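Quick caveat, the model's predicted, so the values are computed rather than measured.
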There are 2 protein chains.
Amino acid sequence: MLQTAIEMDKAAVILKLLGDKTRLSMLKILDDNDCCVCEFVEIFKASQPSISQHLRKLRDVGLVKEDRRGQWIFYSVNQNSEYYPFIGKILEQLPDQSYKLKELEKQGTRITCC
Amino acid sequence: MLQTAIEMDKAAVILKLLGDKTRLSMLKILDDNDCCVCEFVEIFKASQPSISQHLRKLRDVGLVKEDRRGQWIFYSVNQNSEYYPFIGKILEQLPDQSYKLKELEKQGTRITCC
DNA sequence: TAATTATATAACGATTTGCTTATATAATCA
DNA sequence: TGATTATATAAGCAAATCGTTATATAATTA
């Protein structure tokens, strides 16, 4: 094995977090783009608190970080996370989700909002 | 991407299954060895029904298969599963668990039982 | 054939999870 | 400054999860 293996316990915690459709898609999207909460609300047709709570879980283990820009808070993948190499190998096996952001742009929802 | 990406929904289901310390360790062990239920009971210091139920979940999605040999039922990773490439990339990042089987052998628990 | 061993399954309870509603905070705009 | 917009958080509830105990089934052994 090239890099140090992740501990079994920690791996299970991270995988459980990824074991939710919304959070998994979020991470896949964030791997390529910064994104704010209201965009996720639009993309997943979910409530704002629901999205916020998912993001909090990802942030609590350091997988994503937040960055306030004026009124908005943008989230991005934390590439310095000790888990980044681990989840990277998972995310790269998932289908590209960039069409979801393109849809927002088409709707004008991306620009209007953020 | 070289191989076809796994669907997002299916990936989340599989990751949730792997998001349990016992099941994750089981799969890592099974990736290298066949193993019977009583060995897992010994390895994880868990009850027999608990182990059986974990194995059932893995079997229900086709990640493992069973093979009765007399009194015992041996489990192994199902390499024909459509998810095998996906979980393979995860398992290869986990620390080797073969010492757990070696401990059983030292105790004589492996031979006695299976 | 009766007792034992290995495993599966069902029923139940405690805990966790993920959503909802309600409310608080922070930034912007009129 | 007051209203609006974006976000976070708390409380409560329903569903899912995971272990336990009890029991059933299948193979083996005495």
I'd like to know if A:Lys10 pairs up with A:Glu82 as an ion pair, taking the criterion as any Lys NZ or Arg NE/NH1/NH2 lying under 4.0 Å from an Asp or Glu carboxylate oxygen.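 Yes, charged N to carboxylate O under 4.0 Å.
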Is it true that A:Arg69 and A:Asp67 make a salt bridge, defined as a side-chain N closer than 4.0 Å to a carboxylate O?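 Here A:Arg69 pairs with A:Asp67 in a salt bridge, since their nearest N and O are under 4.0 Å apart.
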Checking all strands, does [X] fall into the base, sugar-phosphate, or nothing category for heavy-atom contacts under 4.0 angstrom?
X: B:Arg23; result: sugar-phosphate
X: B:Lys57; result: sugar-phosphate
X: A:Tyr75; result: sugar-phosphate

Please determine which of B:Thr22, B:Asp60, B:Val37 meets the side chain to side chain contact (heavy atoms under 4.5 Å, CB included) test together with B:Leu55.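 The passing option is B:Val37.
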Value in whole Å for how far the [atom2] atom of [N] lies from [atom1] of [X]:
X: A:Ile73; N: D:dA6; atom1: CD1; atom2: P; result: 12 Å
X: A:Leu15; N: C:dT17; atom1: CG; atom2: P; result: 14 Å
X: A:Gln48; N: C:dT23; atom1: CD; atom2: P; result: 15 Å
X: A:Leu58; N: C:dG18; atom1: CG; atom2: C1'; result: 14 Å
X: B:Arg59; N: C:dT7; atom1: CZ; atom2: P; result: 13 Å
X: B:Leu17; N: D:dT17; atom1: CG; atom2: C1'; result: 11 Å
X: A:Arg68; N: C:dA27; atom1: CZ; atom2: P; result: 5 Å
X: B:Phe74; N: C:dT5; atom1: CZ; atom2: C1'; result: 14 Å

Kindly say whether B:Leu91 contributes a backbone atom to a donor-acceptor pair with the side chain of B:Lys28 at under 3.5 angstrom?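 Yes, because the side chain of B:Lys28 sits within donor-acceptor range (under 3.5 Å) of the backbone of B:Leu91.
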Looking at [N], I'd like to know if its phosphate oxygens (OP1 or OP2) sit under 4.0 Å from a side-chain N or O belonging to [X].
X: A:Arg56; N: D:dT9; value: yes
X: B:His54; N: D:dG19; value: yes
X: B:Ser47; N: D:dT20; value: yes
X: A:Ser50; N: C:dC19; value: yes
X: A:Lys16; N: C:dT17; value: yes

Given A:Phe74 and A:Asn33, is the side-chain contact (heavy atoms from CB on, under 4.5 Å) satisfied, shown in steps? CA-CA 10 Å; A:Phe74 279 76; A:Asn33 315 268; over 6 Å; no
Report the nucleotide, chosen from D:dA8, D:dT7, C:dG18, that has the shortest atom-to-atom distance to any side-chain atom of A:Cys38.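 Within the option list, the nearest is D:dT7.
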Of B:Gly70 and A:Val37, the one whose closest DNA chain D nucleotide lies more 5':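 Counting from the 5' end, the first nearest nucleotide belongs to A:Val37.
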Which residue lies more 5' along DNA chain D, comparing B:Ala46 with B:Gln71 via nearest heavy atoms: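 By nearest-heavy-atom nucleotide position, the 5'-most residue is B:Ala46.
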Return the 5'-most residue of the pair A:Gly19, B:Pro49 with respect to DNA chain C, ranking by each residue's nearest nucleotide.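 The residue mapped nearer the 5' terminus is B:Pro49.
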